[in-house]
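The structure appears below as structure tokens.
When a ligand or atom number is given, it counts from 1 through the structure's own listing order.
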Amino acid sequence: MKKVIIVGAGISGMTAGIILQNSGFETEIFEKNPVPGGELTGWKRNGIYIDNCIDYLMCSKKGSAMNELWHEIGMLDDSVKMFDKNRFFTYKGHGGEITYWRDKERTKREMLELSPDDKEAIEKFFENVTRAESMIMPIEKPMDKMGPRDFMKLGDFIKNIPAAQKAYQGVSVKDLANSFKSPVLRGSVMNTHPEMTQAYSFIMSYAMVTSGSGDIPEGGSLAAALRIADKYRKAGGKLNLNSPVKNVKIEGKTASGIVLESGEEVKADYVICATDANHTFTHLLPAEYMPKKLKNCFDDKEHFSVFSKFHAAFLVDGKTTIPEDTTFWDSEGLNVWGRQITDVGVICYDYDPTITPEGKTILQMKIFQYGDEVDKWFELSKDREKYEAKKNEIAEAMKVLIEKQFPETEGKISVIDTWTPVSYARNCNAYRGAYMAFVADKDTKTVTTPGVVKKLKNVFLAGQWLMGSGGLPPATAQGKYAAWRICKKEGVICK
Ligand SMILES: Cc1cc2nc3c(=O)[nH]c(=O)nc-3n(C[C@H](O)[C@H](O)[C@H](O)COP(=O)(O)OP(=O)(O)OC[C@H]3O[C@@H](n4cnc5c(N)ncnc54)[C@H](O)[C@@H]3O)c2cc1C
């Protein structure tokens, strides 16, 4: 039985592990953290659960191939209730309000009532949301190994997705916002994605909700990660936690295994690096082995950027009028690193009673952090006291904005935790604290990189950084692709 070592117990590494175990391999995962899941996670502070991933589980639509894969790996199972994502979000501002409902006809109607002058832009928007509903994640085999017949099997995806992308070619999220005359519609578009992102990303995300592909599993992200780890162990896999890997041991064109930070060496026939791409090629493998496509993304900072967020979690002592899920509003603003941010929002976790204590409300507020804002967090984190003080200062300012918008919360909100780009770098070795992959700008195509290392015969890559702007479906698909490549080499059926 051939042995495969997987570095990283994020969703990608665990997916590879489960599929390889089911296909007859012996596998071992080495994870630096005490808990599996990587970015798919959550934790408790003072007994309160804080979720830190699934705002919506993209590609979760029943009957889809991705939904089947979610079941195979334990992300979903029949005993796990799904909360219908009934709205993408609500935006209140500039004297008006708009909700992006799951029912897109209702949203369209309400947009037209709000701003009849925007008819043309609204019609175009919904035409392309409808097209983007055909979005599926190809998971049978790696995309670079797919032939015309495989593409044919993807059905409407093949014509609809390129058409939607073409309709918004050269258009950023900010441009999309500006295509509306109504200040309410303009404001509404600017909250869920970084403004330089291609407009298509916003359209596709909303289409996930309208097509029923963006529901949320009960218990949140940590419960999902633990289910996946359980599935891996039950398939016979060995999950080593608290086991940081120093590097892959290379002998000529082959890897003989890995070296742990403890100095211990572990031998294997194959190694999969399912870690952040920057970490892989600055620590685990020589930098010059980075695939060219990936290197171009890291080098071309004009067209490919990464972002992170500052987050704060709050506990409200009591129930509120804050709608469950996501609400943004136009506030008097808060200043972060000299940037005045007026549109803010909260996620209210009331939809999941399994994670919300009775009679209380859990909220999170997040703000995008880009470029030198990220650098400032890293610089400040060298002084623990100042770092903590800055986090608290922002969280307190957020609290005031929530109290103003929802006066019934006044005096009842406490900050339960704050975290920054530094948290993602520390916990997951995430490049510049980015928990998604590259954001391609409006003039650039997103890039998919085959998870192979040309100079090494038995080392494969997995993880979200190999596919577009990342996220759970790409990370999971890439785990499957890495397993597929090893099965193919060994001539066994990939199960
Ligand atoms: C706040 C937040 C919200 C999100 N919302 C969504 C959402 O709604 N929908 C969606 O699709 N996606 C969402 N994502 C993104 C999603 O979480 C990621 O795309 C996905 O989890 C990445 O998985 P991965 O396996 O590629 O990488 P990771 O999760 O980063 O896994 C890599 C693993 O490798 C480990 N590791 C790193 N270096 C080493 C080493 N040297 N030795 C051993 N182990 C190592 C890390 O600790 C980690 O466990 C969100 C993420 C965050 C943080």
*For Leu57, is the nearest heavy atom under 4.0 Å from an atom of ligand 1?*
no
*Among the heavy atoms of Asn33, does any lie under 4.0 Å from an atom of ligand 1?*
yes
Quick one: look at [X] and ligand 1, take heavy-atom pairs under 4.0 Å, and tell me if it's side chain, backbone, both or neither.
X	result
Lys309	neither
Gln464	both
Ala437	neither
Lys246	neither
Tyr424	side chain
Asp55	both
Val7	side chain
Asn52	both

_Within a 6.0 Å radius of atom NZ on Lys141, are there more than 12 heavy atoms belonging to other residues, nucleotides or ligands?_
yes
Which of the listed options, [options], holds the heavy atom that is closest to [atom]?
atom	options	answer
atom 24 (P) of ligand 1	Ala434, Cys273, Ala475	Ala475
atom 44 (N) of ligand 1	Met14, Glu261, Lys32, His283	Lys32
atom 47 (O) of ligand 1	His279, Met436, Glu31	Glu31

So if I count the atoms of ligand 1 from 1 in the order they appear, which ones are less than 4.0 Å from some heavy atom of [X]?
X	result
Leu40	21 (O)
His311	1 (C)
Gly38	29 (O), 48 (C), 49 (O)
Phe30	43 (C), 44 (N)
Pro473	11 (O)
Gly463	26 (O)

*Under 3.5 Å, side chain of Ser23 to main-chain N/O of Lys495, donor-acceptor pair present?*
yes
*State whether the side chain of Ser201 and the backbone N or O of Thr197 hold a donor-acceptor pair below 3.5 Å, judged by distance alone.*
no
*Within 4.0 Å of atom 17 (O) of ligand 1 (strictly less), any protein heavy atom?*
yes
Students should be able to answer this: which protein heavy-atom is nearest to [atom], and at what distance?
atom	value
atom 29 (O) of ligand 1	Glu39 N, 2.8 Å
atom 31 (O) of ligand 1	Gly10 CA, 3.3 Å
atom 42 (N) of ligand 1	Val245 N, 2.9 Å
atom 36 (N) of ligand 1	Thr275 CG2, 3.6 Å
atom 25 (O) of ligand 1	Ser12 N, 3.0 Å
atom 9 (N) of ligand 1	Tyr56 O, 3.2 Å
atom 5 (N) of ligand 1	Cys53 O, 2.7 Å
atom 52 (C) of ligand 1	Tyr435 CD1, 3.1 Å

_Run the ring pair (Phe, Tyr, Trp, His ring centres under 6.0 Å) test on Phe298 and Phe438 for me, step by step, so that the C-alpha distance in whole Å, both residues' side-chain angles and the decisive distance to 0.1 Å come before the verdict._
CA-CA 8 Å; Phe298 278 104; Phe438 295 107; 4.8 Å; yes
_Axial cation check for Phe25 ring with Lys2, 6.0 Å and 45° limits_ = no
_Phe83/Asp215 under side-chain contact (heavy atoms from CB on, under 4.5 Å): CA gap, chis, key distance, verdict_ = CA-CA 6 Å; Phe83 298 110; Asp215 293 342; over 6 Å; no
If you measure every N or O of [X] against every N or O of ligand 1, does any of those distances drop under 3.5 Å?
X	value
Leu472	yes
Gly13	no
Asp276	no

Could you check whether [Y] and [X], counting side-chain N and O atoms only, form a donor-acceptor pair closer than 3.5 Å?
X	Y	answer
Gln21	Thr27	yes
Trp337	Gln369	yes
Thr280	Thr275	yes
Trp329	Asp343	no
Tyr206	Thr107	yes

*Looking at Tyr435, Tyr387, Trp43, which hits ring-ring contact (aromatic ring centres under 6.0 Å, His included) with Trp419?*
Trp43
At what distance, to the nearest 0.5 angstrom, does [atom1] of [X] lie from [atom2] of [Y]?
X	Y	atom1	atom2	value
Asp325	Asp350	CG	CG	10.5 Å
Met14	Met75	CE	CE	9.0 Å
Tyr431	Ser308	OH	OG	12.5 Å

*Sub-6.0 Å ring centroid separation between Phe88 and Tyr56*: yes
*Do Phe314 and Thr361 come close enough that some side-chain heavy atom pair is under 4.5 Å?*
no
